[in-house]
Amino acid sequence: MKLILSMFVAAVLLSDVEAGRSLVFPEETANSFVELFPAKELSLNAFTLCLRFATELKGKREVILFAYRTRDFDELNVWREKDGPGLWFHTAKEPAPVPELGPLANHVCLTWESLTGRTTMYVNGRSSASQIFQRGHRVRPGGKIILGQDPDNFLGDFQAEQSFVGEIFGVNMWDYVLPSVAIQLLSTGEDFSDANVLDWATVTLMPTGSAVEYK
């Protein structure tokens, strides 16, 4: 009952920031996730990825926020590790910081471009110090985008202890780096209709298991 009530309160708080569809992951599970179908293949030498989330999960536990995997590689994962938050690209040796998780909504954006490897995380419109990741890399096509689980193979081998529990919405992705002023506006609820890889208003979603889409 406590979890259900807390998630209800979180949903109300989220709706004050950005109305519309959202995804709720009500329980820890090894078989619940949502697949997103992008408007174009993720063959990227730059991107901006933004999303909103709230969760009651606490303690030293892996938590996945976003996963894009091809048949052989984790191309792009945003997750918290057991010992702290981190962002992983395929073959990255060290994680970049992501925000601490909590029951109130956070707006998170990640930008990256291949030429310099510059990677910047924005939390509620404020940017972290930029780091260098995967200079010269290209995010490869042919994969699947998953919310709620960390796929250890192409679309499966999930672990309950890595699953996301809470609410995710406002997932948008561009194939270029948005300027910081645009990201700051996004964090306040401004709408950008030109998200050309994932547009939350129109993207096709396929929930599986106990994951639920609300509109």
Side-chain angles (χ1 to χ4, degrees), residues 36-53 62-101 106-147 150-152 154 162 164 168-200 203:
L36 279 63
F37 297 88
K40 60 170 64 178
E41 287 272 18
L42 270 68
S43 180
L44 307 173
N45 56 21
F47 66 79
T48 301
L49 170 65
C50 296
L51 59 87
R52 295 185 189 274
F53 69 91
E62 295 177 347
V63 181
I64 187 73
L65 294 175
F66 179 97
Y68 171 63
R69 182 184 172 88
T70 58
R71 290 195 177 277
D72 298 314
F73 300 108
D74 289 324
E75 289 287 335
L76 172 59
N77 280 4
V78 182
W79 69 338
R80 185 187 69 178
E81 297 185 288
K82 286 183 179 180
D83 297 326
L87 153 76
W88 287 100
F89 284 113
H90 165 57
T91 74
K93 294 182 179 179
E94 297 291 339
V98 299
E100 289 297 326
L101 309 183
N106 279 302
H107 180 259
V108 175
C109 287
L110 170 69
T111 66
W112 171 80
E113 58 92 13
S114 176
L115 182 62
T116 65
R118 183 179 181 181
T119 305
T120 306
M121 180 72 71
Y122 293 80
V123 181
N124 301 323
R126 300 181 64 183
S127 66
S128 67
S130 295
Q131 299 188 30
I132 304 302
F133 276 87
Q134 299 294 84
R135 181 184 295 168
H137 179 65
R138 187 176 186 86
V139 177
R140 288 166 286 201
K144 292 183 180 292
I145 299 173
I146 299 296
L147 301 180
D150 177 24
D152 290 332
F154 190 47
Q162 293 178 336
F164 178 81
I168 296 177
F169 75 119
V171 184
N172 292 286
M173 190 174 196
W174 295 257
D175 62 0
Y176 55 89
V177 173
L178 286 177
S180 59
V181 65
I183 292 174
Q184 291 165 3
L185 288 172
L186 277 170
S187 72
T188 66
E190 291 287 336
D191 180 38
F192 287 77
S193 60
D194 65 340
N196 61 355
V197 179
L198 295 171
D199 184 338
W200 188 246
V203 65

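Ring-plane geometry between Phe47 and Trp112 is classed as tilted, the angle between the planes lying from 30 to 60 degrees on a 0 to 90 degree scale.
Contacts of Ile64 classified as side-chain contact (heavy atoms from CB on, under 4.5 Å), with partners at least two apart in sequence or in another chain: Ala67, Asn77, Trp79, Asp150. Residues meeting the side chain to side chain donor-acceptor pair (under 3.5 Å) test with Asn45, sequence neighbours left out: none.
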Given side-chain contact (heavy atoms from CB on, under 4.5 Å), test Leu198 with Phe66 step by step and report yes or no.
CA-CA 13 Å; Leu198 295 171; Phe66 179 97; 4.1 Å; yes
Run the side-chain contact (heavy atoms from CB on, under 4.5 Å) test on Leu147 and Phe164 for me, step by step, so that the C-alpha distance in whole Å, both residues' side-chain angles and the decisive distance to 0.1 Å come before the verdict.
CA-CA 8 Å; Leu147 301 180; Phe164 178 81; over 6 Å; no
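Between the side chain of Asn196 and the main chain of Asp175, a donor-acceptor pair closer than 3.5 Å is present. A donor-acceptor pair under 3.5 Å is absent between the side-chain atoms of Asn172 and the main chain of Cys50, judged by distance alone. A donor-acceptor pair under 3.5 Å is formed between the side chain of Tyr68 and the backbone N or O of Arg140. The closest donor-acceptor contact from the side chain of Thr111 to the backbone of Thr48 lies at 3.5 Å or more, if one exists at all. Between the side chain of Arg135 and the backbone N or O of Thr116, at least one donor-acceptor pair lies under 3.5 Å.
For the pair Thr120 and Arg118, the tightest heavy-atom approach, listed with the atom from each and the gap, is OG1-NE, 3.9 Å. Of all heavy-atom pairs between Glu75 and Thr70, the closest is CG-CG2, 3.7 Å. For Leu185 against Thr188, the heavy-atom pair with the smallest separation is O-OG1, 2.7 Å.
Once rounded to the nearest 0.5 Å, the distance linking CZ of Arg71 with NZ of Lys144 reads 8.0 Å. Interatomic distance, Glu113 CD to Thr119 OG1, rounded to the nearest 0.5 Å: 8.5 Å. Rounded to the nearest 0.5 Å, atoms CG (Leu49) and OH (Tyr122) are 13.5 Å apart. If you take CD on Glu190 and CD on Gln184, they are separated by 12.0 Å, rounding to the nearest 0.5 Å. Taking CZ of Arg52 as the start and CG of Asn106 as the end, the distance is 9.5 Å to the nearest 0.5 Å. Atom CG in Leu65 sits 11.0 Å away from atom CG in Leu110 (nearest 0.5 Å).
Between the side chains of Ser114 and Arg138, no donor-acceptor pair of N or O atoms lies under 3.5 Å.
Residues Leu42 and Ile145 are in side-chain contact: their nearest non-hydrogen atoms beyond the backbone lie under 4.5 Å apart. Proximity of Val203 to Met173: side-chain heavy atoms (C-beta onward) are nowhere separated by under 4.5 Å. Residues Leu186 and Leu178 meet the side-chain proximity criterion, which asks for heavy atoms closer than 4.5 Å.
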